[in-house]
Amino acid sequence: MDIEKIMQNMTLEDKARAVEGFSWWWTQEYPELEVPKIQVSDGPHGLRKMYTNPETNEGGTITAVCFPAACATACSFDTELLEQMGHTLGKECQAEDVGVILGPAVNIKRSPLCGRNFEYISEDPYVAGKLASAIIRGVQAENVGTSIKHFAANNQEFERMYGSSEVDERTLREIYFPAFEMAVKEADPWTFMCSYNRVNGTYSSENPWLLNDVLRKEWGYKGMVMSDWGAVSDRVAGVAAGLDLEMPGSNGVNIQRICKAVQEGTLSEEALDTAVRNVLHLVERFIENRKEETFDRARDHDVAVAIAGECIVLLKNETVNEAKVLPLAKEEKVALIGGFAENPRYQGGGSSHIESYKVVSALSVAQDYGTFTYNRGFSDTLDKYEEELQKEAVEAAMAADKVVVFAGLPDLFESEGYDREHMQLPACQNQLISELVKTGKPVVVVLHNGSPVEMPWADDVAGIVEAYLGGEGVGEAVMDVLYGKVNPSGKLAESLPIKLSDNPSYLNFPGKNKKVDYAEGVFVGYRYYDTRQMQVRFPFGHGLSYTEFRYSNLRVSRESFTASEGVTVSVDVTNIGDRSGKEVVQLYVADRTGSAIRPVHELKGFVKLSLEPGETKTAQFTLDSRAFSWYDTEQGDWYAANGSYILEVGRSSRQIEYSKEVRIIGSREKPPVITPDVQLGDLLASPYTREFTLERLKPYMDKFQSNQSETEEMVEAVVRFMPLRSLRSFQYMTNEEVEAICEDLKKHVEEQMKQM
């Protein structure tokens, strides 16, 4: 496509039409200009392609393969696996003539109640960014675009189309932006999708700071930005702010508004041209890289099963009669209980819902694994206690060697469009689990859920398996793990609190009066729980295995370095058990410089190692300056202070195996902001101003001290927090002298910074 030639032949109305969708899933086409339309499809864990039958004019969704949702795939901590899944999705898109699949979704899991948490990756931005980048690389390697979403601060469904996320800039930069930024720099997504909500009062779809200043100018993004479906309020403002494509369109209303704005000079045609070029570049990238593919659903179903097996998290595995309760043995008589064994909850509701090719339940394949009985026990669709079902389940448990309960959240409990009101399982499920525990038989609970649930029975059961929403093959994957065909290797990509009120957003979720205050700041998830030393049900990064791993020989490439030099960290891991397995090695960084209020530690690296019995491999991490930095809004930049940092290597955020102190040197110290309000203590503490302050202000401070009756130590403490202007207030200095010293200090700081 000759884009510039096409643009020259476009009328103003052509251009205005190009920046909105032709229909629900298609971009505009211009046959006379040889510009075809391309189709987009919902994702991100399967192809939700919509179609219309030309004979009946009725629509539907194609049958596709439902892969595990992001709540599950995140627990794999496996970038290679996620890239493989991306390749598979990309090939399916090519086979179905889909140019862009809408995903991945990287919004942070701020609260367990968010109705869309099942399709978000993690509470941690590093994990979200790394895994999203892997998916994007895989899909786009097949010459199909992705649309990373939802930019930005879209962390609830309540009032999501109007409400304003009130977030300070440091929190945005450290928690809610990094996954998007990492994806831009490591995977270059073809498109970005802006969110419905406002950010600090301005709609994301018309926010020039988000779309132009941060995304394009700072991060260097060159792709196309589209709206979420129906997220546009002021289309003219959106074009000016950097929103290229409105989806699904406006029935022509905004076409006329754009034309009028350009004609009246309230919108520059240059801004419109930029949006049109970005849309045409997207069309060109797909059309000129088409290739033949076959959507082999049977093959891809097997891929989905294999992926699900890598994502399941073994949360608890107690010893019963001198052996772990899991894996189950073929000869054991097992009572399978719970409707999810027969009808698994394997995907979320809303725009990501897949018309699945083949759903495999645990019950449908149980005969291939061992001896079992099955009882429903409770409804898998409602929270309804049924006495007869519970009685039958308890009787079956009494006759079994072990009991496996398939529990979880029914479809109605969590979906796009609304948030949960609590964090509990249906009461009928909790009651049945408690009754089964009373039988004295070992009870294992398998959970099918898209986000954390409270587990009042957690201390009483022998085993807990978190399957999340594991896709259409989840039944087979769960049985593979329960019987040891697959050794579980998943780790939690989110913390599981004991109760809802423990969550740091509890007092500010979902907000009031069309606003939600992100008052917890950077203390999201484990950053909060670990800093508070608060007990959790299961910590971030936790997950057990059927084998054992030993960590040893932690080493660093250097113990003292500049932030720009960074450091390489290595640790050896040995499989000391009797079966092959995989271990996710996690690296956390703890800032001990005191330069800012920061979480006790933050994840800055992870590696998944596959090890045979007796085998040793090395996990290696390379940390750059960002791994040590926090965002300083005064400087408008990332900052790593000189001083001590602790490198922590462990199995979870609460199980640190080794730690090592390193020091950053050579960073430019932050100078104090020079105004009459600057504290004398800050001037005396800074290498830029200490000597100057002692020379110029000592006579005044001595005079202040001589007039005080307190001890010298008390006076020093008071002086430390005195603003410079207070010397004027106490009549030790005139206003003119204060202003003159401020000007001299500013000049002195500038000279000192040039020399350092």
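Residues take their numbers from the sequence shown, with the count starting at 1. A quick note: this is a predicted structure, and the numbers were derived from the prediction, not measured.
Judged by distance alone, with hydrogens and angles left aside, the side-chain atoms of N278 form no donor-acceptor pair with the main-chain N or O of V225 at under 3.5 Å. Using modelled atom types, no side-chain atom of T61 and backbone atom of M50 make a donor-acceptor pair closer than 3.5 Å. A donor-acceptor pair under 3.5 Å links the side-chain atoms of N197 to the main chain of A153, judged by distance alone. A donor-acceptor pair under 3.5 Å links the side-chain atoms of S195 to the main chain of A152, judged by distance alone. The main-chain N or O of V98 is never found under 3.5 Å from a side-chain atom of E96 such that the two would form a donor-acceptor pair. The main-chain N or O of C311 is never found under 3.5 Å from a side-chain atom of S76 such that the two would form a donor-acceptor pair. Looking only at distances, a side-chain donor or acceptor of Q156 sits under 3.5 Å from a matching main-chain atom of P510.
Among residues at least two apart or in separate chains, salt bridge (charged side-chain N to carboxylate O under 4.0 Å, His left out) pairs with a member in residues 239-254 are R216-D244, R235-E246.
Between H45 and E119, the side chains place no donor N or O within less than 3.5 Å of an acceptor N or O (distance only, hydrogens not considered). Side-chain polar atoms of Y176 and N107 form no donor-acceptor pair below 3.5 angstrom.
Taking every heavy atom of both residues into account, P344 and V474 meet most closely at CB-CG1, 3.8 Å.
For the side-chain contact (heavy atoms from CB on, under 4.5 Å) criterion with M226, the lone passing option out of V19, T27, L245, V279 is L245.
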Exercise. Start with the C-alpha gap between S356 and Y346, add the side-chain angles, then the distance that decides, and say whether side chain to side chain donor-acceptor pair (under 3.5 Å) holds.
Key: CA-CA 10 Å; S356 300; Y346 64 93; 2.9 Å; yes

Practice problem: Assess whether side chain to side chain donor-acceptor pair (under 3.5 Å) is satisfied between E288 and N143, documenting all intermediate values. | Solution: CA-CA 9 Å; E288 297 194 357; N143 298 311; over 6 Å; no

Practice problem: Kindly determine whether K222 and D188 satisfy salt bridge (Lys or Arg N to Asp or Glu O under 4.0 Å), including the steps that lead there. | Solution: CA-CA 8 Å; K222 303 297 183 185; D188 188 24; over 6 Å; no

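Checked against salt bridge (charged side-chain N to carboxylate O under 4.0 Å, His left out), E4 has the following partners two or more places apart in sequence or in another chain: R277. Not counting sequence neighbours, the partners of S451 by the side chain to side chain contact (heavy atoms under 4.5 Å, CB included) test are N117, E414, R420.
To the nearest 0.5 angstrom, N207 atom CG is 9.5 Å from C194 atom SG. Annotation: the span from E181 atom CD to E186 atom CD amounts to 10.0 Å, rounded to 0.5 Å.
The six-membered or imidazole ring of F286 lies away from that of W190, with a centre-to-centre distance of 6.0 Å or more. Not less than 6.0 angstrom separates the ring centroid of Y196 from the ring centroid of Y162.
Salt-bridge check for E142 with K291: passed, with a basic side-chain N closer than 4.0 Å to an acidic carboxylate O. Ion pair R17/D14 flagged as a salt bridge, since at least one NZ, NE, NH1 or NH2 atom sits closer than 4.0 Å to an Asp/Glu carboxylate oxygen. Salt bridge absent: R299 and E293 never bring a charged side-chain N and a carboxylate O closer than 4.0 Å. The pair R160-E416 counts as a salt bridge, with a side-chain nitrogen and a carboxylate oxygen less than 4.0 angstrom apart.
Contact of the L82 side chain with the R137 side chain is not registered, since no non-hydrogen atoms from C-beta on lie closer than 4.5 Å.
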